[in-house]
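All remarks here apply to the structure that follows.
The analysis underlying the following values was restricted to heavy atoms, covering all of them including side chains, and did not include hydrogens, waters or symmetry mates. Since the model is a prediction, treat every value here as computed from it, not as a measurement.
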Amino acid sequence: MKPTIGIEVHCELKTNSKAFSQSKNTYGEIPNTMINVLDLGYPGTLPVLNKKIIDLGIKAAIVLNCDITRTIYFDRKNYFYPDNPKNYQVTQNSTPIGRNGYVLIEYDGIKKKIEIEEIHIEEDTCKSIHINNKTLLNYNRAGVPLIEIVTKPCISNGDEAVKYLEELKETLFYLGVSDCKIEEGSMRADVNVSVSKDNKLGTKCEVKNIGSISNVKTAIDYEINRQIDLLEKGVKIEEETRRFDAKTSSTILMRKKEVGNDYRYFPEPDIPYLYLEDSYINEVKESIKLLPNERRNIYKSKNISDINIEKLIANKSLSDYLNKYIDFDIDFKIASNILLGDITSYLNKNNMSIYDTNLDKNFVNIVNMLSKNVISSKIFKDILEEVLTSN
């Protein structure tokens, strides 16, 4: 039996305003307060493209090794559903901003390219809140910009899927494209799973509503086993949409896919075509700062331990801070130890950021004094508060 998996990831873009309206793009506000008539789908309203979403789409396409589409336009995806106030969604069906990319992962000691079919920009729908037998709609999310990243059916198991999602999440977060907070819904994954008895692709089943990266593996493993069990019993797999149930760690049928959806795509008439010039793409490319794997290589060359490297990558503000001194002649092993040890402990205890301190005035001097044994680590603990807070 051969399982094949593809993944669709939706990431909310990190912008101040929505994709095509001036409403604030935020999370956690009182429902139905971050809206205007365009978000509500009022007739006669006209969208205005937020240039920032194009910048972020290009950034994502570059770091995910995609070919960038030079002439792009938006399409209307027509469907009728309560969370879709306009009765169509603005998306990129014909001209996705990026195609034919990949993410490099390492699993079981083997490097593999997870191939990306396309990246396209679109707007989010309302958030549906189901309470007993009623559904409430929060329009704050309507029109929030997304990128959808679609892989080819090239993932073999749940562990590869987890590696891919972890790499993708880390990259997009460092890129500043999205905050990737899965618990807030700003990064969401749907998986397509098929199992076949030979090398041909089997009949895929889509699994939605997966609330964490670890649950992606659980959902994939369950779905593979479910389909294998059916095939061994001689039951034909039917194409269907299922949802993940975290309580039972299983997938549950939502609906059968009896016929294809006819979304009647056509170019969005109220948003002009965009022609992306090389100079604009290069300008965006030059704004990209050091990404996680580039930082790992630099830190390794500075003799920082593997454990400290991963801790630094997990804390972007500390990594950014250390990078300010990357060309200084200091002992980076000691520098990383004090940043991740006593300094982090003090910051957490006092609910502070490293940028709230006066450490800049003393950092290089302190590291040099520790490396030359002018002061001990115990003395550093004693003077830590003065080092961080005084002049």
Side-chain angles (χ1 to χ4, degrees), residues 3-14 53 55-69 92 96-122 146-182 186-194 201 204 206-207 210 212-221 281 284-285 287-300 309-310 313-314 316 319:
T4 306
I5 300 116
I7 298 181
E8 299 169 6
V9 172
H10 287 86
C11 271
E12 290 184 357
L13 296 177
K14 197 173 179 181
I53 69 175
D55 294 349
L56 297 180
I58 292 172
K59 272 189 176 184
I62 289 170
V63 301
L64 299 179
N65 307 292
C66 291
D67 299 325
I68 296 173
T69 306
Q92 288 178 326
I97 198 161
R99 287 188 175 98
N100 302 320
Y102 66 87
V103 169
L104 189 65
I105 65 165
E106 186 170 337
Y107 170 65
D108 223 8
I110 299 170
K111 290 184 178 180
K112 178 178 178 178
K113 286 182 179 179
I114 304 300
E115 297 174 87
I116 292 171
E117 181 79 35
E118 67 176 49
I119 300 173
H120 60 262
I121 302 169
E122 61 188 20
L146 300 169
I147 51 170
E148 183 174 354
I149 303 166
V150 183
T151 73
K152 294 181 180 180
C154 61
I155 299 169
S156 304
N157 54 56
D159 291 312
E160 281 187 7
V162 167
K163 287 284 186 185
Y164 163 70
L165 290 172
E166 287 176 342
E167 185 76 23
L168 187 66
K169 179 184 176 184
E170 186 180 83
T171 300
L172 294 177
F173 175 72
Y174 264 82
L175 196 59
V177 163
S178 173
D179 59 21
C180 297
K181 293 180 180 177
I182 296 175
S186 63
M187 181 176 175
R188 313 191 287 275
D190 299 332
V191 298
N192 293 301
V193 182
S194 68
L201 283 176
K204 71 177 180 181
E206 183 179 22
V207 184
I210 308 176
S212 70
I213 290 178
S214 61
N215 279 345
V216 167
K217 173 177 162 52
T218 305
I220 289 171
D221 290 347
I281 293 169
V284 173
K285 188 174 184 178
S287 71
I288 296 173
K289 297 180 180 178
L290 285 174
L291 294 172
N293 287 331
E294 294 172 304
R295 296 179 188 226
R296 286 186 175 95
N297 292 334
I298 292 170
Y299 295 158
K300 210 167 187 64
I309 288 173
E310 292 311 311
I313 298 298
K316 185 173 181 295
S319 177

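- At a threshold of 4.5 Å between non-hydrogen side-chain atoms, the residues Lys112 and Ser156 count as touching.
- By the 4.5 Å heavy-atom criterion applied to side chains, Ser319 and Tyr299 are counted as neighbours.
- A heavy-atom distance below 4.5 Å is not found between the side chains of Glu8 and Arg188.
- Using a 4.5 Å cut-off on side-chain heavy atoms (C-beta onward), Ser214 and Val162 make no contact.
- Contact annotation: the side chain of Leu56 never approaches that of Ile147 to less than 4.5 Å [non-hydrogen atoms, C-beta and beyond].
- Remark: the Glu167 side chain and the Asn293 side chain contain an N/O donor-acceptor pair separated by less than 3.5 Å.
- The residues Arg295 and Glu170 are annotated as not salt-bridged, no charged nitrogen and carboxylate oxygen being separated by less than 4.0 angstrom.
- Contact annotation: the side chain of Cys66 approaches that of Ile119 to within less than 4.5 Å [non-hydrogen atoms, C-beta and beyond].
- With contacts defined as side-chain heavy-atom distances shorter than 4.5 Å, the pair Thr218/Asn215 qualifies.
- Annotation: cation-pi geometry not satisfied between Lys163 and Tyr107 (NZ/CZ under 6.0 angstrom from ring centroid, within 45° of ring axis).
- The cationic group of Lys316 lies under 6.0 Å from the six-membered ring centre of Tyr174 and within 45° of the ring axis, placing it in a cation-pi geometry.
- The residue from His120, Met187, Glu12 that alone fulfils the side chain to side chain contact (heavy atoms under 4.5 Å, CB included) condition with Leu146 is Glu12.
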